[in-house]
2 protein chains.
Amino acid sequence: MQTHKPRITLKDIAQNVGVHPSTVSRVLNPDTRKMVTKRIADRVIHASEQLGYRPNTFAQSLRTNRSYTVGVMVPDLTNPAFGPIIKGIDNVLEQSGYSVIVANTDNVLEKEKRSVDKFHERQVDGLIIATARRLDDVVITCLEEGTPFVLVVRSTIEKGVNSVVSDEIVGGQMIVSHLAQLGHKKIAYVAGPQFLSTGFERYQGYLQGLKNAGLELDEDLVAIGDAFTEAEGRQAASTINANKKPFTAIVAANDLMALGCYDELITKGLKCPDDVSVVGYDDMPFTRHFNPPLTTVHTPLLDVGMQAARILLERIWKPEQPAHALKLQPHLIVRGSTGIPSSFSETGTKATN
Amino acid sequence: MQTHKPRITLKDIAQNVGVHPSTVSRVLNPDTRKMVTKRIADRVIHASEQLGYRPNTFAQSLRTNRSYTVGVMVPDLTNPAFGPIIKGIDNVLEQSGYSVIVANTDNVLEKEKRSVDKFHERQVDGLIIATARRLDDVVITCLEEGTPFVLVVRSTIEKGVNSVVSDEIVGGQMIVSHLAQLGHKKIAYVAGPQFLSTGFERYQGYLQGLKNAGLELDEDLVAIGDAFTEAEGRQAASTINANKKPFTAIVAANDLMALGCYDELITKGLKCPDDVSVVGYDDMPFTRHFNPPLTTVHTPLLDVGMQAARILLERIWKPEQPAHALKLQPHLIVRGSTGIPSSFSETGTKATN
DNA sequence: ACAACTTGTGCAAACGTTTGCAGCCCTTTG
DNA sequence: CAAAGGGCTGCAAACGTTTGCACAAGTTGT
């Protein structure tokens, strides 16, 4: 019996009640309900739920040009950091009757363009973008098209775009400060891609942090990964190791890369934190269960999603409002992966105090 | 200048080329292109990309009743197991021009119903459901409505529904078998919700596994959690502990609950695997980084998503086909959380061999 | 050369809403 | 009591497609 039951339309209800479809429409639309007599309205409502009426969103959207739909573009769904963000987004949007369409771009530009095209085709009312590069054509296009959108996690160099990000520079500084306080002098850095704001600004924070602590930058202790992945993190840590300069701590541009560092340390027979401290960034789920539990910078991912959704709704509602760039304060979480440097007697550290 | 550029329609192209809109439509639709002269078709195509035509999906869907959209319903986006699944789904669907709408239900029935309603309203062409209970009204409704859908991860007791799941019973057996081989006799079980197929069948697998190994079930070594969460896992482990019966291993219904067990062991001062072995289920991302690395049953989550998407497409394409219940073979991954039981001298183990 | 096809294109209806306008009736007011 | 006004409701057009049908022109067969 998989005969699709025929869809109930406004006309059906109208016929049932004995009024014109437009009247039914007015009743069912909250904004216009007051236009029609209570008596009739009640009968219409009754009939509508009696018959199990479901509005046809296509017809609605076709007529009104609003889809009650927003697009969410993320670089990698397997990165557990994005689950909470999407959940936050979905939470607030679904309460306002919006549905979220997700697209996974695997960090490839081509896919991003396709997705954003698709989104336009589907006439999404707004976009939430977690894939932005510091210089990003896609973002610029969106800006020109006038589509409301908000960036999350990653921002661009453009001013005047809506965004919800963590204050990466401060976060980077906090990490170095923490390590310096523990007594670390030689702090290596496994950087993320510099064309992403996260990669770039966290690195800037590291540099600033060194300066604040009165430490010198040693370029041999820095390696840049091409992606925010375990593999790249490990690779970067490996190149730093190959430079044969001593170091007692290594800060990674995000938690995934930190995990890569863990791996590299293990293969080199180094213990964390006894031989070298490691710190990550993001505080993605379950970092506290890692071995050792990862010291990292917490970003309230769920909040990022929720705030982004709220800002987006505001912009959809009144598009002419000035942009809202929300910068959340990061928060260092000290766990077991950082400790007092093993020995101050390492070669290369001349000045101790 | 955020003046939305006016949408190009079929009529615009028609005017530009000097033909009727319907002709343009036929040209732009692959199925009907052959109906029109090549010469005209070329001019239409040229004009179409010249003007930057984007079809209006609402109008299309309104006319054809196909939305090229599928709904995906998951219980908890912060559970890292679902990221890969959704990614798999998105990967294959977007290649066929479908977009995926996600909904997070937080395991609450009310939200599930709302979501599925929403999906119907939006006329999704199909559904992928990861929230099914063993007895599930929502699923039954979908069945009656005739909406193509496929269950993932969790199945129902109904026969004849499309699904992609892991063979939970076999998985459960593999775990016990592994532990028995190591010499464990007293194996505790932290069960998941029994109204979910995963919770139920994994437990059945455990029971069967005990039988296979010639071990007795001790009900004091079993506790059932109300949800697949760390907190519930810990709680369950705690009640088992409170029973004061000795055990050397504890198998949890999924990785999250296993993490809860880790916590409980730590607070009780027990070492894993030295004092008690722990095993999980799912092999969600990063389990190998846990402390200790978690022995678990691997389910190819990405594949689950991709297969589900493929099956769904088939059903959308030819709905009358018989249901396809795909059962993926699980795969035990032995890591550091399981080992030889600490001592055979524990009270209560009389028979050794 | 005429019928019978085939091929290509235009016409118009339909999908289910929303919404400006017109008109009705009923109330208010001078 | 007539005119004016206000509240409700119906009418019809419009949103941008798709598609069955009709029809014109060209092709084939006897």
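Residue numbering restarts at 1 for every chain, and letters A, B, ... go by the order of the sequence lines.
Atom NE2 of His120(B) and atom CD of Gln123(B) lie 9.0 Å apart (nearest 0.5 Å). Here CG of Leu326(A) is found 12.0 Å from OG of Ser155(A). Values are rounded to the nearest 0.5 Å. The line from CD of Glu94(A) to CD1 of Ile89(A) is 13.5 Å long, rounded to the nearest 0.5 Å. To the nearest 0.5 Å, atoms CZ (Phe149(A)) and CG (Leu143(A)) are separated by 5.0 Å.
Proximity of Thr23(A) to the phosphate of dT9(D): no side-chain N or O atom is located under 4.0 Å from OP1 or OP2.
Remark: C1' of dT19(C) and CZ of Arg66(A) are 16 Å apart, rounded to the nearest angstrom.
Within residues 27-50 of chain B, no residue has a heavy atom under 4.0 Å from DNA chain D.
When heavy atoms are screened at a 4.0 angstrom cut-off, Ser25(A) is found touching base atoms of the nucleic acid.
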### Task
Please report the C-alpha distance between Arg154(B) and Thr131(B) in whole Å, then the side-chain angles of each, then the deciding distance to 0.1 Å, and finally whether the side chain to side chain donor-acceptor pair (under 3.5 Å) criterion is met.
CA-CA 7 Å; Arg154(B) 301 174 180 178; Thr131(B) 58; over 6 Å; no
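Under the side-chain hydrogen bond (donor to acceptor under 3.5 Å, both in side chains) criterion, Lys38(A) pairs with Asp42(A), not counting sequence neighbours.
In this structure, a donor-acceptor pair under 3.5 Å is absent between the side chains of Glu145(B) and Thr147(B). Defined by atom type and a distance below 3.5 Å, a donor-acceptor pair is present between the side-chain atoms of Ser99(A) and Arg122(B).
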#### Entry: Contact letters for nucleotides 11-16 of chain D, in which S counts primed atoms plus P, OP1 and OP2 and B counts the base, heavy atoms under 4.0 Å
BBBBBB
